[in-house]
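Single-structure report; data block below.
All heavy atoms count here, side chains included; hydrogens, waters and symmetry mates do not. We count ligands from 1, going down the list as the structure has it; atoms in each ligand are counted the same way.
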Amino acid sequence: MVGLATVFGAGGGTSSYAEAEDTDVIVLWGSNARDAHPIFFHHVLAGVRNGATLFVVDPRRSSTAQFADVWLGLHVGTDVALSNTIAREIVHADLVNTAFVDRATTGFAEYAASVEEWTLERGAAVTGVPAEAIRELAHAFARADRAQVCWTLGITEHHNGVDNVLALINLALLCGHVGRWGSGLSPLRGQNNVQGGGDMGALPNKLPGFQDIIDDEARARFEAVWGVEVPAHNGWHLTQMFEAMGRGDLRALFVIGENPAQSEADGQHAGELLGALDHLVVQDIFLTKTAQLADVVLPGSASWCESNGTVTNSERRVQLVRKALDPPGDAHDDIEILLDLARHLGHDWDYGPAEERSERIWDELRSLSPMHAGMTYRRLEELGGIQWPCYLEDRIEPSYLHGRLWADDPADRGRLAPFSVVVDDPPVDRLDDDFPLRLTTGRHLDSFNTGVQTAGYRSPNRRGETVDVSPEDAGRLGIADGDVVRISSRRGEVRAPARVDTALRPGLVFMTMHFPDEVDTNVLTIEATDPKSGTAEFKATAVRIDTLDTLDPSWT
Ligand SMILES: Nc1nc2c(c(=O)[nH]1)N[C@H]1C(S)=C(S)[C@@H](COP(=O)(O)OP(=O)(O)OC[C@H]3O[C@@H](n4cnc5c(=O)[nH]c(N)nc54)[C@H](O)[C@@H]3O)O[C@H]1N2
Ligand SMILES: Nc1nc2c(c(=O)[nH]1)N[C@H]1C(S)=C(S)[C@@H](COP(=O)(O)OP(=O)(O)OC[C@H]3O[C@@H](n4cnc5c(=O)[nH]c(N)nc54)[C@H](O)[C@@H]3O)O[C@H]1N2
Ligand SMILES: [Mo]
């Protein structure tokens with residue numbers, strides 16, 4: 001979001017899912033889409049069947065990488081180095097799309113000079129990817145008529161995540177792969193509606209429709225409709241909130257639909273901070289670990305299939321969700337609980353009878369957020385979903401963003417896209433003799449995040465937590481499949497059964513975050529955070545693995 005907003009002014013993926021089916025090269029970079037974005041991955045596979053070449057850049061030979069034409073198995077945290085090496089190769093092979101670079105970008109000369117040191121040899125030495133594979137990606141990407149780069153947490157969950165994103169945007173600018181059908185840059189979003197949450201202003205510096213909270217005119221429009229004064233300064237993002245808790249500046253917290261006691265990095269510390277708050281309120285559909293620390297739990301929220309509303313996916317498509325089931329017992333829509341709370345605080349938000357509320361709230365949004373203005377409920381229903389921006393009720397905009405950059409008349413191009421000089425910066429948690437292995441964490445197809453909705457009895461067929469190790473490391477450490485081992489980092493230790501996995505290269509180990517009640521992976525991870533985005537470096541922890549002489553009786 002931050003990287004895209006910096007370069008293009010809008011924090012959304014630039015292309016649509018359908019375009020993945022109509023392109024020449026797809027690069028999935030730090031994204032295990034086969035497990036984490038299976039619907040999008042179907043479009044990717046359709047693209048491959050239609051002739052696209054698939055590159056996967058991931059330290060693991062993930063289930064996604066197994067479908068790739070070329071897998072680039074880089075060392076964790078060397079993405080900037082790899083991108084800069086690809087860029088230099090494109091420049092030296094004379095494959096830069098100069099027509100696009102000249103008309104639509106700024107800062108090319110400085111950028112080209114900055115990547116000059118990244119020869120194929122140096123890039124291969126730093127990233128661990130064979131020079132030939134780097135060269136192949138560079139040439140295929142630059143020669144392609146249309147190409148897409150899609151990324152996820154392998155890129156963003158680093159202390160330099162924004163730089164990683166900028167490094168990928170640089171490649172698209174270099175080759176003109178943005179602002180046209182079939183080409184684009186797509187961050188695949190996490191939850192079904194995380195894009196929608198941001199679009200609605202659930203960000204510390206934005207009002208709905210990405211309008212700046214520090215913009216006086218924008219604030220005045222909202223104040224007129226909302227009838228309250230909107231604070232004129234940016235708020236804190238999640239990591240800053242935890243820092244403020246540590247300093248004692250944040251004393252009360254209201255958590256809706258999140259389980260930070262188990263999803264935050266350096267979990268033990270996070271739990272202590274949550275437990276020490278003066279007042280913690282949790283609104284959730286389950287009694288989570290975080291809820292167990294709360295002073296007040298607002299239980300009985302209705303789940304998504306028990307309420308009306310919209311969700312917005314990674315291609316910026318807003319879709320209607322219709323209530324399919326009655327909520328159990330006394331459960332209420334999240335919005336009903338919020339309306340009640342507002343009433344107790346002296347504000348009567350009048351959105352009419354229950355069955356009309358979601359549409360009337362949406363119409364209020366449309367009146368305040370130009371990029372949603374043309375999306376009536378009736379159109380959303382008729383068209384089965386509409387991508388933003390949609391300014392007018394009688395028009396649909398192109399499915400890709402930033403077509404203006406190709407305009408012949410400079411006056412129509414708007415703000416040009418700047419290249420960004422980005423510098424290789426290895427993970428904060430350094431490897432040494434005590435902690436010689438690189439742990440990266442991620443997901444399985446059959447589980448979801450902290451497991452609240454999928455672990456235990458709720459989904460008995462799940463795979464369970466393991467620490468995945470390469471055959472080489474397993475041999476060296478004398479570990480066999482299923483042996484329970486101890487994994488320690490500079491912050492804590494956990495025990496988990498080992499799983500020998502040929503997808504891993506020597507030195508790399510993998511765990512999920514799905515089973516924190518049994519194996520609390522985030523006890524190990526580091527709080528190091530990208531100051532620009534607030535995202536923690538979940539993807540790079542230094543660990544040691546010790547075999548246990550006897551099966552520890554405390555292990556269950
Ligand atoms: N089944 C399932 N689907 C999900 C979720 C779930 O829990 N389960 N969660 C949802 C959420 S909230 C999110 S945010 C998305 C996340 O979706 P993804 O980001 O695709 O999932 P992850 O498994 O966290 O990480 C992706 C890959 O990053 C790789 N990686 C690690 N370090 C690096 C690195 O330094 N460089 C590169 N290039 N790659 C690296 C890992 O090996 C991993 O394969 O998934 C969403 N979808
Ligand atoms: N080690 C490690 N840690 C990570 C990551 C990683 O890759 N590795 N990834 C990070 C990422 S990308 C993310 S997104 C976070 C996820 O971290 P969280 O968002 O904290 O984890 P979830 O398990 O998705 O929690 C969602 C909660 O919402 C509740 N919920 C579901 N539907 C509703 C509803 O309709 N109403 C209400 N009120 N509640 C509802 C669920 O019961 C659940 O408790 O974890 C982060 N932590
Ligand atoms: Mo996420």
Side-chain angles (χ1 to χ4, degrees), residues 28-41 56-65 72-80 82-83 127 150-158 161 164 168 187-194 238 255-265 267 282-291 298-307 309 314 327 331 333-334 337 427 438-455 458 468 503-504 508 510-514 516 520-526 535-541:
L28 292 177
W29 198 313
S31 160
N32 190 9
R34 195 255 166 198
D35 284 3
H37 294 93
I39 294 176
F40 174 69
F41 195 62
V56 172
V57 184
D58 195 303
R60 297 185 303 146
R61 192 163 173 275
S62 62
S63 63
T64 304
L72 287 83
L74 80 179
H75 297 314
V76 169
T78 60
D79 298 274
V80 166
L82 182 61
S83 169
T127 64
C150 311
W151 67 88
T152 326
L153 301 179
I155 280 298
T156 53
E157 281 185 345
H158 287 281
N164 280 341
L168 304 190
L188 306 174
R189 312 314 305 263
Q191 298 91 343
N192 61 344
N193 193 34
V194 67
L238 186 62
V255 177
I256 309 182
E258 185 154 325
N259 184 21
Q262 297 187 308
S263 58
E264 278 292 282
V282 173
Q283 177 172 327
D284 203 292
I285 58 175
F286 292 112
L287 189 68
T288 61
K289 237 335 183 320
T290 311
L298 300 171
S301 317
S303 72
W304 62 273
C305 54
E306 297 157 354
S307 39
S314 302
D333 246 345
D334 283 306
I337 299 175
R438 181 57 79 198
L439 166 70
T440 197
T441 60
R443 286 153 174 83
H444 289 165
L445 175 66
D446 59 14
S447 291
F448 194 74
N449 287 358
T450 67
V452 176
Q453 291 157 276
T454 50
R458 290 184 190 114
D468 299 347
L504 293 167
L508 183 67
F510 180 81
M511 296 173 71
T512 77
M513 52 177 307
H514 294 317
D520 198 354
T521 305
N522 276 330
V523 162
L524 303 170
T525 50
I526 185 166
T535 305
E537 194 154 59
F538 288 114
K539 293 292 183 254
T541 307

How far is atom 21 (O) of ligand 2 from its nearest protein heavy atom, and which residue and atom is that?
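For atom 21 (O) of ligand 2, the nearest protein heavy atom comes out as Thr450 CG2, 3.5 Å.
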Using heavy-atom distances only, which candidate in [options] approaches [atom] most closely?
atom                    : options                        : result
atom 33 (C) of ligand 1 : Gly73, Ser263, Pro59, Gly30    : Pro59
atom 11 (C) of ligand 1 : Ser314, Gly451, Pro187, Gly190 : Gly190
atom 6 (C) of ligand 1  : Ala36, Ala540, Gly77, Ser447   : Ser447

For Glu157, which part has a heavy atom under 4.0 Å from ligand 2: side chain, backbone, both, or neither?
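Looking at Glu157 and ligand 2, just side chain atoms fall under 4.0 Å.
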Measuring from non-hydrogen atoms of Ala302 to any atom of ligand 2, is the shortest distance under 4.0 Å?
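Flag set, Ala302 near ligand 2.
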For Arg443, is the nearest heavy atom under 4.0 Å from an atom of ligand 2?
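Distance cut 4.0 Å: Arg443 passes for ligand 2.
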Looking only at N/O atoms, are Ala33 and ligand 1 under 3.5 Å apart anywhere?
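Checking ligand 1 against Ala33, no N or O pair falls under 3.5 Å apart.
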For ligand 1, is there an N or O atom under 3.5 Å from any N or O atom of Leu74?
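No; every N/O pair is 3.5 Å or more apart.
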Ignoring hydrogens and angles, state whether a donor on the side chain of Asp79 or Trp29 is under 3.5 Å from an acceptor on the partner side chain.
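Asp79 vs Trp29: donor-acceptor pair found between side chains.
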Take every heavy atom of [X], measure it against each atom of ligand 1, and state whether any distance is under 4.0 Å.
X      : answer
Thr440 : yes
His444 : yes
Met513 : no

For ligand 1, which atoms, with element, lie under 4.0 Å from some heavy atom of His514?
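What qualifies from ligand 1 is 7 (O).
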Looking only at distance, does Glu264 have an N or O less than 3.5 Å from an N or O of ligand 2?
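No; the residue has no nitrogen or oxygen that sits under 3.5 Å from a nitrogen or oxygen of the ligand.
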